[in-house]
Amino acid sequence: MKSPLTFQDMILDLSRFWASQGCVLALSYDLEVGAGTMCPETFLRVLGPKPWRVAYPQPSRRPADGRYGENPNRLLKHTQMQVVLKPPPETIQDIYLQSLAELGIELGDHDIRFEEDNWEAPTLGAWGIGWQVMLDGLEISQFTYFQQCGGIDLDPISVEITYGLERIAAFLQNVNDVFEVKWNNKLTYSDLRRDEERELSIYDFEEASVEACRQVFDIWEREARRLLDSFPTGVYTWSGHEDPMKDPVLNASIQSLPAIQRRFPLRKVYELCLKCSHLFNVLDARGAISVTERVSLITRIRSLACDVASIYVLRGDQTLQEARA
Amino acid sequence: MSGPNTKPLLVEIGCEEIPARFLTNAQKHFGEKLKASLSQNRLLPDHSEVNTYSTPRRLVAHLPVVLTHQGDLEETVQGPSLKAAYDIEGRPTRAAESFAAKNGQTVADLSRVQTPKGEYVALIRRTAGHAAEDLLGEILSGVIRSLEFPKSMVWPNKNGMRFVRPIRWILVLFGADQESVAASFPIISGLAKEFSGTGIAIGYETRGHRSLGLPDPIAVENFEDYSKKLRENFVEFDPSSRLAKVKNEIQALLDKNELKLVRDWELEEWIVNSTEWPRAILGGFDRRFLALPREILITVMRGHQHYFAVEDHAGNLAPHFITMLNMDGDPKGLIRHGHERVLMARFSDAEFFWQTDQKTPLHDRLPMLERVTYQKDLGTYGDKVRRMKAIAAELCNTLEGQGRITSQEAGYALRAVELSKCDLTTQMVQEFPELQGVVGGLYAAGQGEPQAVADAIYDHYRPAGLEGDLPRSLVGAVVSLADKIDSVVSGFAAGHEPTGSSDPFGLRRAGNGIVRLIVRFRLRLDLRSLVDFAYPLTGQILSRVMRTSISLFLRDRISHYMELVEGLPRTTANAALDVGARSVGLQRLLTVGPQHPPIDVLDLVARARALQEMLGTEDLQAVCVSAKRIWNILARPGGTAGNWTFDRSKLTPGPEEDLYLMFLEVNKRVEELQASSDYRSSLQAIATLRPAVDMFFEKVFVMADDPTVRSNRLLLLDQLDKLFCSIADLSQIGSATSTFVDASTSKVPSEKD
């Protein structure tokens with residue numbers, strides 16, 4: 001019998017598999033995110049009409065799930081394999097099942113089920129309809145037909161497949177403790193990650209200054225809001241020609257608007273929004289957020305995310321347009 | 001049987017996994033809508049069968065008898081009136097000509113029809129029927145698009161299809177022989193046109209089980225062929241066969257291993273609706289987990305993993321579980337091994353919570369409640385528990401006064417209230433929120449609290465509304481009532497009054513629970529004064545408007561209970577609820593006014609039950625009609641007697657005086673009977689007034705010209721009105737045509753106490 005895949009082999013195999021399905025292999029995002037969905041390669045690219053296929057591994061942080069590296073099943077930072085296909089091919093469920101076979105899961109020997117699970121991310125104004133995929137009673141993936149993102153109805157829709165890599169690895173390697181997972185043939189998950197789990201848990205649960213987190217949240221939010229307020233929407237100059245259609249100054253300002261809009265640092269605003277989202281999670285793990293405050297903080301983050309999405313759609317997906325030109 | 005002019009129709013909607021909780025309804029609606037649409041299109045003979053089936057991946061309809069051709073349609077079309085259609089000399093007018101022309105006929109074809117509005121010209125319009133093949137595409141697409149789900153999605157784009165999950169194929173077969181495939185082509189191409197751009201494959205091919213069946217689409221020729229090929233490909237498409245299979249498989253495992261099942265109907269249904277080929281396997285877990293409470297083990301197995309729990313023959317939980325596969329067995333034991341791994345991880349978590357939670361007894365968790373928010377504007381759970389304690393003390397006071405509970409029981413109730421919410425701070429409840437209360441009860445018992453206290457904590461979320469178990473003891477009922485009264489009253493204080501179908505804080509459910517607890521435990525309580533007591537605990541002043549809102553809300557809950565649990569018609573419920581309205585000068589009770597009468601649920605229910613029983617008699621029915629008539633006279637302008645006082649010497653001998661004498665007698669009797677709350681006999685007495693009242697209305701004109709006579713008569717009616725409202729407001733029954741209970745309208749099985 002073939003020996004089970006190591007953690008890094010899984011990432012390689014899944015990457016190769018989805019690349020063969022036409023996905024671009026993106027890099028893991030370099031900011032703290034709670035899920036692969038929050039990376040711009042998903043959040044922004046599912047918006048608008050342009051087809052898009054991407055796959056990337058994404059370390060995802062959920063401070064409240066931290067257990068100091070002592071719980072065999074729970075992690076503060078786990079690794080998602082994130083796959084987005086827009087629009088989804090009709091055989092997408094079969095393709096997904098093939099990817100499991102690729103990992104060495106014999107489909108005829110296991111019970112794989114698609115159980116209703118609808119995904120929602122209130123901080124992103126995003127939701128979708130789909131399933132959690134169960135492998136012999138173990139949840140191994142989220143499979144979602146994305147319907148709305150940043151408060152905008154998606155057109156066309158995307159499919160988002162998220163693999164929980166640690167769980168699948170423990171399953172494949174038949175170990176009961178995620179820290180015993182072989183990362184490669186020499187090192188274990190514990191060797192690479194246990195200290196980090198412990199230290200991040202200590203900070204997020206005990207050390208994080210609530211005061212500092214709140215202040216930084218406010219600062220980043222203000223910065224994002226300042227930029228959003230500066231986004232040029234259509235304040236045109238007009239020299240006073242009686243027929244506005246013939247006014248040269250007005251026409252020039254209308255024509256120059258897209259160029260000015262293109263200079264808008266949209267992705268930075270989105271990064272600021274993600275920073276706020278992570279600070280929110282830290283505050284939550286510290287138990288510092290009351291029910292009332294929770295609602296208002298989520299609303300503040302969502303409002304940034306929705307504004308980012310609106311501007312993205314308004315400007316159109318330039319990078320792809322330019323790449324094609 | 002399918003005759004020469006009929007053919008069987010088979011339709012399968014192939015879909016990605018439909019959520020189990022929607023499937024039963026989806027199958028039902030598919031059948032109903034198909035039937036309605038085919039009948040409307042004159043393609044379905046009356047009483048033809050519509051058989052439906054479903055699996056998570058398909059909705060199936062098989063109709064053995066569908067007409068191959070619509071019958072021709074003959075309709076009479078009405079044109080202009082006779083006057084407009086012909087001039088004085090009887091020649092057809094332009095109007096008549098254009099009417100005929102519009103229908104492709106001539107004036108010579110015109111006939112005449114008689115209508116309530118006069119005589120009109122008319123034409124017989126004949127529409128030739130179409131072949132079913134030409135219509136079915138559109139009909140089926142209409143039916144499929146009209147299926148609704150509680151939660152659905154769109155694909156491939158915003159204005160594309162809407163369904164519960166993407167439809168991937170549609171199979172249509174019209175006919176039962178080899179030619180049926182060819183005969184289905186027009187339907188298939190019709191459907192293909194209707195669903196173009198959605199990616200749905202349309203044809204006469206089905207699909208087998210995802211991993212056990214043939215990988216490619218499977219062509220079928222007729223329903224028998226379809227059934228055979230699907231079963232060969234590991235799809236049992238008939239849910240009732242799957243249910244039978246589930247039961248047989250489970251029974252075989254139980255017999256073999258000498259175990260008993262912890263029965264769970266909901267789980268059975270979920271399994272039937274989430275598998276195409278169910279097979280049962282028995283898994284096991286480490287005995288050491290049996291040290292955990294049964295409730296926790298079952299919740300983990302059932303709620304999170306959809307496993308059945310099993311017991312040994314002594315009724316103790318066994319270290320095993322049964323899970324249903326959507327596979328044809330597990331020869332290598334890999335699936336069982338996988339499930340056992342997952343369950344062990346979950347049980348280990350639960351064990352860890354159980355041990356760490358116990359290190360901090362419930363009592364020591366009280367200060368932590370000050371940091372757990374109950375609801376926006378309603379403070380913490382610490383605040384809620386203080387309010388509950390005050391309400392519970394008030395309840396205990398009343399019940400002790402009535403000799404219903406002892407002072408020791410009252411002490412238990414207050415202690416249980418104090419500890420009731422402490423389990424919210426435990427990891428166990430944070431992980432398994434559905435176990436709140438239960439966990440608190442288990443911890444309390446383990447921490448040396450009296451069993452009565454532990455049980456009351458355990459039970460205090462019961463009942464979940466109009467259904468579900470009740471607390472096992474009166475102490476538990478008091479704790480539950482205190483919790484629910486506070487939830488309702490403080491919910492109103494925070495502006496969470498339910499509106500329309502929106503009730504995000506579950507106040508209606510809490511209200512239903514209050515009513516049910518009171519009736520089932522036969523508690524003599526006045527909800528009005530409890531509201532007056534509880535509301536200020538929120539720190540707000542109870543305004544008259546707010547008090548009215550809460551009273552109306554409670555009134556609705558009681559009425560809802562009477563209808564759904566007692567199976568009483570709404571008119572009867574309302575008549576009882578409005579008892580005594582006249583005494584505060586109103587037709588409807590509880591709407592306004594400082595002198596709300598008490599809200600004694602038991603008493604109101606007793607009145608409604610008595611009224612419903614007595615409405616079976618013709619005499620009371622007739623009195624109700626008169627009561628309605630009297631109220632109508634009194635309520636209209638001029639219906640009051642002004643400053644007149646009743647003078648019996650002014651009564652006219654005959655029916656008027658007879659009625660009054662009869663009234664005096666009955667009124668006296670009703671007063672006596674009412675003192676002992678004998679509502680049935682009271683109504684019986686009231687019913688005896690029927691002949692006198694009927695005679696009065698037959699012979700006496702109330703609104704006489706002489707103001708003295710008129711006023712005196714109005715005052716007589718006024719006294720009758722008060723009597724007719726003394727047990728229940730009979731005038732409300734008078735207008736209702738049907739007051740007899742139809743047992744089938746009662747949605748909740750009626751409970752007898």
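Chain naming here is simple, since letters A, B, ... match the order of the sequence lines and numbering starts at 1 in each. Bear in mind the structure is a predicted one, so any value in this text is a computation, not a measurement.
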In terms of heavy-atom proximity below 4.5 Å to chain B, should [X] be classed as side chain, backbone, both, or neither?
X       : result
L135(A) : neither
N73(A)  : side chain
P89(A)  : backbone

Please check this pair: side chain of R341(B) against backbone of V175(A), looking for a donor-acceptor N/O pair closer than 3.5 Å.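 Pair found, side chain donor or acceptor close to backbone of V175(A).
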Under 3.5 Å: donor-acceptor pair, side chain of D155(A), backbone of K158(B):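 Yes.
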Pairs of heavy atoms under 4.5 Å with chain B: top-ranked of D109(A), D153(A), L138(A):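 With the most close heavy-atom pairs to chain B, the winner is D109(A).
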Measure distances from [X] to the heavy atoms of chain A and classify the residue's part below 4.5 Å as side chain, backbone, both or neither.
X       : result
Q305(B) : side chain
R210(B) : side chain
H306(B) : side chain
V164(B) : backbone
F352(B) : neither
W169(B) : neither

Would you call [X] and [Y] a side-chain contact if the rule is heavy atoms closer than 4.5 Å?
X       : Y       : value
R165(B) : F114(A) : no
R74(A)  : D349(B) : yes
L334(B) : E106(A) : no

Electrostatic pair R336(B):D136(A) at N-O distance under 4.0 angstrom: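 Salt bridge between R336(B) and D136(A), a charged N being under 4.0 Å from a carboxylate O: no.
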Pair E120(A) + K151(B): basic N to acidic O under 4.0 Å: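 Salt bridge flag = no for K151(B) with E120(A).
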Residue-level contacts of residues 271-284 of chain B with chain A, using a heavy-atom cutoff under 4.5 Å: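 The list, in residue order, reads S274(B), T275(B).
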So, for P156(A) and P156(B), which heavy atoms are closest and what is the spacing to 0.1 Å?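 Looking at all heavy atoms of both residues, the shortest contact is CB-O, 3.2 Å.
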Taking only residues two or more places apart in sequence or in another chain, which ones pass side-chain contact (heavy atoms from CB on, under 4.5 Å) with E90(A)?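 E90(A) satisfies side-chain contact (heavy atoms from CB on, under 4.5 Å) with R168(B) only.
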Let me confirm one number: the CG-NE2 distance from N174(A) to H337(B), rounded to the nearest 0.5 Å.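 These two atoms lie 3.5 Å from each other.
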Nearest 0.5 angstrom please: E17(B) CD to E116(A) CD, how far?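 Reported to 0.5 Å precision, the distance equals 12.0 Å.
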